[in-house]
Amino acid sequence: LEKIAVEKIQTKADLEQTEKMLEATTLEKQAIVDVVEKLRKQQIRFNDQIKSIARYKKDIEEKTALQKKLTDGIELAESKLAHYSSQYDEKKAEFKKLKDEYAILKDQFTFTKEDILKKGKAADKRLKESEKQLETVSGEYYKLKGETERIEKDIKSIAELKESRCPSCYTEIDAERKASSISFLKTHAGLVATQLTAKEEELKKQKTTTDKYRADVEELKEQLQEFMKWTKEKNHAQKTLMLIKEQADEAKIVVSDQKSVIKENTTMLEQAKKDVEYARAELQEIDLDTEGLEKLNKEISTRDQRIGDVSQVLTKLQVQKGQLQAKKKQLEDQEALLAEQKRERDSLIKEKYYYSELAKVFSKEIPTLIIENACQDLSDEANKILRAISTDSIEFVTQRANKDGSTKEVFEIEITRPGVSHPILI
């Protein structure tokens with residue numbers, strides 16, 4: 001215990017020394033930190049100047065580039081403006097010319113396609129009827145012509161006939177009958193010739209009528225073709241007019257857009273020039289002490305290094321302080337433990353003395369009495385537990401009767417079970 005006390009005193013002294021060093025080192029570090037903070041404020045002012053210089057230089061560079069971009073944009077817009085203005089004028093004149101031509105073309109036909117188709121249908125019907133009539137008249141004409149040729153052939157055959165009998169009916173034919181037959185045939189031939197002449201005239205008229213109707217149909221076909229061609233040209237002219245109008249409108253929109261671009265770029269260009277002038281003026285106002293900044297950075301770096309060194313010393317001292325505090329606590333715990341153990345030892349020595357004296361006085365009677373008093377309590381507690389799991393019961397026995405009527409000290413357990421007449425002895 002004395003060794004622990006000495007070691008405790010030495011540890012306490014070391015701890016106090018460490019705490020003093022820790023406090024001094026902490027004050028030193030704080031003093032350096034305060035100085036560095038002041039230096040950093042100066043550094044911030046320098047850095048703000050540097051940032052302002054960089055910002056103004058970048059602004060000048062960007063605005064100068066923007067000026068060139070805007071100038072190029074204005075030149076391009078002016079070029080587009082001139083081109084599309086000329087194109088707009090051309091399309092406008094072309095539209096006016098084509099519109100006048102379309103007005104003339106539109107009034108070329110006063111009827112519709114339905115009118116032509118209706119006339120064509122009627123002409124086609126007349127043509128078909130005339131062709132049918134022509135076919136009938138032609139058949140009748142060629143029938144009469146065939147009959148005339150047949151009569152002429154019969155007259156020639158009768159005139160050249162040398163036999164006295166008809167080759168068909170074998171009727172006897174004399175000169176008078178022959179002459180009469182020829183006269184009859186000639187008279188009949190004259191009548192047929194008259195009919196043939198009339199039919200021929202009728203055939204010529206019908207052919208003329210049919211040709212006229214066919215010419216009408218062809219004329220209407222040509223008229224329909226001309227109408228379709230005119231319709232195509234008119235539709236093409238309409239589409240061309242619309243296209244030229246759209247082109248003119250697009251050119252007009254582009255002209256308007258380019259005017260807006262020129263106006264907007266000109267405004268932005270003027271603003272960019274003002275911004276460049278402002279940035280250059282601000283740059284001239286900034287006076288950067290480069291040498292002072294370099295010196296300041298070196299001083300801050302040196303003091304930061306010193307702060308790092310002091311921080312390492314502080315860390316070591318804090319670790320040392322913690323170790324000494326732990327050692328001090330350990331020694332205090334050991335000292336308290338030894339004191340407690342000493343008190344327990346003294347108490348046990350006293351208790352041992354008391355019990356040895358009681359044992360001498362009471363010998364065996366006291367333990368037996370204690371056991372008898374405790375047995376009833378043990379029996380009750382044991383039976384409470386047994387009732388939860390079984391129907392048996394137990395009893396602790398401390399005395400038995402001898403055969404001569406005396407008693408003897410025992411410690412036995414009797415188990416009583418329902419249905420069993422004698423208890424079970426353990």
Side-chain angles (χ1 to χ4, degrees), residues 101-240:
E101 293 176 357
Y102 176 72
I104 297 171
L105 180 65
K106 188 175 66 173
D107 298 333
Q108 186 174 348
F109 286 90
T110 57
F111 48 82
T112 63
K113 180 182 177 181
E114 286 72 19
D115 296 335
I116 299 173
L117 293 174
K118 187 176 180 181
K119 290 179 181 180
K121 187 175 180 181
D124 190 57
K125 182 179 179 182
R126 289 196 301 270
L127 176 60
K128 287 180 179 178
E129 290 175 352
S130 180
E131 286 177 342
K132 186 176 181 182
Q133 185 65 27
L134 177 63
E135 186 179 353
T136 301
V137 174
S138 179
E140 292 174 353
Y141 169 76
Y142 283 108
K143 183 178 179 181
L144 290 171
K145 188 175 181 182
E147 188 175 353
T148 300
E149 290 175 355
R150 184 177 58 77
I151 292 171
E152 289 176 353
K153 185 178 179 181
D154 287 345
I155 291 172
K156 185 178 179 182
S157 296
I158 292 171
E160 293 176 353
L161 187 61
K162 295 178 180 181
E163 297 180 1
S164 59
R165 291 184 180 275
C166 177
S168 299
C169 62
Y170 297 99
T171 304
E172 189 175 352
I173 301 174
D174 53 12
E176 185 180 354
R177 186 180 292 275
K178 185 177 180 181
S180 175
S181 296
I182 291 171
S183 175
F184 172 76
L185 289 172
K186 285 181 177 180
T187 301
H188 184 60
L191 291 172
V192 173
T194 301
Q195 292 178 0
L196 182 61
T197 301
K199 191 57 70 176
E200 186 176 6
E201 288 297 325
E202 185 181 356
L203 180 60
K204 287 179 181 180
K205 289 180 181 180
Q206 191 62 42
K207 278 185 177 181
T208 302
T209 302
T210 301
D211 291 339
K212 180 180 178 301
Y213 289 157
R214 187 174 288 110
D216 291 342
V217 170
E218 292 300 324
E219 183 181 356
L220 286 170
K221 285 182 180 179
E222 291 177 0
Q223 193 176 25
L224 180 60
Q225 289 178 353
E226 288 295 325
F227 183 84
M228 296 304 292
K229 182 180 179 183
W230 168 81
T231 303
K232 188 175 180 181
E233 290 177 355
K234 186 183 71 169
N235 292 336
H236 177 70
Q238 284 180 330
K239 290 180 181 178
T240 306

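All figures in this text were calculated on a predicted structure; none of them were measured in a lab.
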Is any NZ, NE, NH1 or NH2 atom of the basic residue among Lys143 and Glu140 found under 4.0 Å from an Asp or Glu carboxylate oxygen of the other?
no
Return the OG1 to CG distance between Thr136 and Leu203, rounded to the nearest 0.5 Å.
11.0 Å
Decide yes or no for His188 and Glu147: does some side-chain heavy atom of the first lie under 4.5 Å from some side-chain heavy atom of the second?
yes
For the CG atom of Leu191 and the CG atom of Leu144, what is their distance to the nearest 0.5 Å?
11.5 Å
Take Asp211 and Arg214, measure what salt bridge (Lys or Arg N to Asp or Glu O under 4.0 Å) needs, and give me the verdict at the end.
CA-CA 5 Å; Asp211 291 339; Arg214 187 174 288 110; 3.2 Å; yes
Pairwise distance CD(Gln195) to OH(Tyr141) - rounded to 0.5 angstrom
13.5 Å
Specify the closest pair of heavy atoms between Tyr213 and Arg126, including all atoms of both residues, with the distance to one decimal.
CD1-O, 3.5 Å
What distance separates Lys119 NZ from Lys121 NZ, expressed to the nearest 0.5 Å?
16.0 Å
On a heavy-atom basis, the closest approach of Lys145 and Leu196 is N-CD1, 3.6 Å
Main chain of Ser130, side chain of Gln206: is a donor-acceptor contact present, judged purely on distance under 3.5 Å?
yes
Output the distance between atom CD (Glu222) and atom CD (Glu219), rounded to the nearest 0.5 Å.
7.5 Å
May I ask you to test the Thr210-Leu127 pair for a side-chain heavy-atom distance under 4.5 Å?
yes
As a quick check of understanding, evaluate salt bridge (Lys or Arg N to Asp or Glu O under 4.0 Å) for Glu129 and Lys132, giving each step before the final call.
CA-CA 5 Å; Glu129 290 175 352; Lys132 186 176 181 182; over 6 Å; no
Step through the shown structure and confirm whether more than 12 heavy atoms of other residues, nucleotides or ligands are within 6.0 Å of CD on Glu200.
yes
Val192 versus Thr148, closest heavy-atom pair with distance:
CG1-OG1, 3.0 Å
